Amino acid sequence: MDAPESPLAIVILAAGQGTRMQSALPKVLHPIAGRPMIAQVLAVAERLAPAKIVTVVAPGMDRVTAAVAPHPTAVQTRPLGTAHALLAAAEVLADDLAAGADVLVLYGDGPLIAETTLSAMLAKRRDADFVWLAVRPPDPTGYGRLIREEGKLQRIVEEKDASPEERREGLVWGGLLAGRGRRLFELASRIDNRNAKGEFYLTALVSLGNEAGAVSTLCERPLEEVLGVNSRRELAAAEAVMQRRLRLAAMENGVTLVAPESVIFSWDTRLAADVTVEANVVFGPGVTVAGGSVIRSFSHLEGVSVGANATVGPFARLRPGTELGDEVHIGNFVEVKASHIECGAKANHLSYIGDATVGAAANIGAGTVTANYNGVYKSRSEIGAGASVGSNTVLVAPVRLGAGAIAGAGSVLTEDVPDGAIAVARAKPSVTPRAAERYRARLRKEKIR
Ligand code: UD1
Ligand code: CA
């Protein structure tokens, strides 16, 4: 019979200042696919259903603490190295360690890690005290080299402490570690800082452990998963990997991407099977699109739900709080914000629809604007089912155009229009026959004077 599974605690190291980002924002709060890196790491960690996830932060990283809440943080008072950072979590994990928990160490700046890798490491943990994630980068510079003898891990040597021969070792530590919790913390507390950088290196655990009879083993995975973000350049590289994953997942779920590499997803973009997305579309966070809909080129959507068989764009902008019903058409240069557009309604050209309800099958003419803001507060517009709004109409909110009603082109509607009525609110044209040439003659005279 298998031994009962140990409880699990996860430590995310995020106390590094990230100076190379050249940013006022803590590194782990920079977004990948529309959410902070640390949130991405947390989401993967949560899928393992651990008893606890604690993030190690530096003093003053209140925004990181807020971002991981309700998960706890521990503060590493000074950046003295990775072993020192881990030990900062000891107090928060006291109960878990006492209960015999396994501990998984992750990096807050490694947003590409996959759940399968973490599970593989934890599975291996059953046969060893410590499992070190191994990768083989094209250039191992900067990584801790995994030094083995007869297949057994002897020690990890940091770049600055490595001999030329050790530097030639291509297999390196990717920064992730799974270990028997109590043992891990006991040994980590004995790590010293006698090395080139004068830091408390977590990697010293291997030789210390070996001396104490603890078994270290390796789990080799593709490099991509441990790509760390230390600069804007690496942020962009990590973003590219994440985008590629999201595009592939969408296509596997039955979405047609006409030019996949030109479509930008957010971590939570949900496109149903048989959605088609044309080139150069951006999905900000919080977008859901139902089956059969087409999102045409150069559209930008954020915080929006789109019904089935709808058409959006080209060149449409859908902003947060927008809900489009089935078969709705939103065309070029139409901006919609915080509005409900019901089944079959159309706004095909050059319009702004904000804080509005548009009833089923209503038609919004070109250039329609809902004037929703009086400079102090916002109000809503309501356009009834089946209504026709003539081109270049302004609805001065709060206002209601009744169901089936017609607003004449160029109208400025400042009061409600009953169901079925026709409202025209514009100056009557004044037409003077044969006046044009007389008028031009007068202008020519004025010009000579
Ligand atoms: C570390 C490893 C190296 C490994 C590499 C993989 C050590 C000594 N070296 O090197 O073997 O190949 O990761 O990426 O562990 N951190 C703190 N507090 C500290 C120091 C670091 O929280 O005092 C955090 C950082 O925020 C970061 C992580 O620990 O998330 C790694 O620290 P970093 O200084 O980048 O380690 P590397 O030099 O990359
Ligand atoms: Ca690093």
Side-chain angles (χ1 to χ4, degrees), residues 10-21 23 26-30 36-38 40-42 45 54-61 64-65 68 73-90 104-113 117 130 132-137 139-147 153 155-162 166-167 169-177 179 184 187-188 191-208 216 218-221 223-231 234-235 238:
I10 297 181
V11 181
I12 302 174
L13 301 186
Q17 289 300 338
T19 45
R20 280 197 280 151
M21 294 295 283
S23 177
K27 175 162 77 175
V28 297
L29 295 184
H30 282 263
M37 273 188 251
I38 188 78
Q40 174 67 31
V41 176
L42 265 182
V54 54
T55 303
V56 178
V57 297
M61 282 190 176
V64 178
T65 301
V68 301
T73 49
V75 179
Q76 184 193 17
T77 47
R78 283 183 299 155
L80 300 180
T82 43
H84 186 258
L86 175 70
L87 289 171
L104 188 57
V105 182
L106 310 179
Y107 284 174
D109 62 0
L112 298 174
I113 191 67
T117 293
F130 303 120
W132 303 82
L133 187 87
V135 289
R136 216 175 259 288
D139 174 10
T141 307
Y143 286 95
R145 310 298 203 280
L146 297 166
I147 309 299
L153 185 63
R155 58 188 185 282
I156 304 179
V157 187
E158 292 303 302
E159 178 81 25
K160 285 197 172 167
D161 303 299
E166 285 169 334
R167 282 197 189 132
E169 172 59 62
L171 197 66
V172 303
W173 184 37
L176 277 76
L177 166 63
L184 174 62
L187 288 166
I191 290 172
D192 62 41
N193 62 350
R194 279 174 299 183
N195 52 55
K197 275 177 135 185
E199 282 188 7
F200 295 87
Y201 285 167
L202 192 52
T203 45
L205 202 79
V206 177
S207 32
L208 265 182
S216 271
L218 298 179
C219 178
E220 190 175 340
R221 304 293 288 189
L223 175 68
E224 180 185 284
E225 290 194 25
V226 300
L227 286 179
V229 174
N230 301 294
S231 62
E234 287 172 352
L235 181 67

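Counting starts at 1 for both ligands and their atoms, in listed order. Values reported hereafter were calculated over all heavy atoms of this structure, with side chains retained and with hydrogens, waters and symmetry mates removed. Everything quoted here is computed from the prediction, not taken from an experiment.
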Checklist outcome for this item: Residues Pro137 and Val172: closest non-hydrogen pair is CD-CG2, 3.6 Å
Item to check | Closest non-hydrogen atom pair between Ala74 and Ala88, with its separation | outcome: CB-O, 3.4 Å
Next on the checklist: I need the atoms of ligand 1 closer than 4.0 Å to a non-hydrogen atom of Thr82, numbered in the order shown.
Outcome noted: 7 (C), 8 (C), 15 (O), 20 (C), 21 (C), 29 (O), 31 (C), 32 (O)
Checklist entry - Counting both backbone and side chain atoms, is some N or O of Gly81 under 3.5 Å from an N or O of ligand 1? => result yes
Checklist entry - Do any heavy atoms of Val56 fall under 4.0 Å from ligand 1? => result no
Next on the checklist: For ligand 1 and Ala15, I'd like to know whether there is a polar contact (N/O to N/O, distance under 3.5 Å).
Outcome noted: yes
Item to check | Under 3.5 Å: N/O of Trp173 near N/O of ligand 1 | outcome: yes
Would you tabulate the side-chain donor-acceptor contacts of residues 196-204 under 3.5 Å, counting partners in other chains and residues two or more places apart, or write 'none'?
residue	atom	partner	partner atom	Å
Tyr201	OH	Asp161	OD2	3.4
Thr203	OG1	Glu158	OE2	3.4

Item to check | Side chain, backbone, both or neither: the part of Glu158 lying under 4.0 Å from ligand 1 by heavy atom | outcome: side chain
Checklist entry - Near Gly144, which atoms of ligand 1 are under 4.0 Å from a heavy atom of that residue? => result 3 (C), 4 (C), 11 (O), 12 (O)
Checklist entry - Would you say Gly228 contacts ligand 1, with heavy atoms under 4.0 Å as the rule? => result no
Checklist entry - Counting heavy atoms only, which of Trp132, Tyr201, Phe200, Tyr107 comes nearest to atom 1 (C) of ligand 1? => result Tyr107
Next on the checklist: Yes or no: does Gln76 have any heavy atom under 4.0 Å from an atom of ligand 1?
Outcome noted: yes
Checklist outcome for this item: Logged contact type for Val172 with ligand 1, heavy-atom cut-off 4.0 Å, is neither
Item to check | Pick from Leu13, Ile12, Leu177, Thr203: the one approaching atom 30 (O) of ligand 1 most closely through a non-hydrogen atom | outcome: Leu13
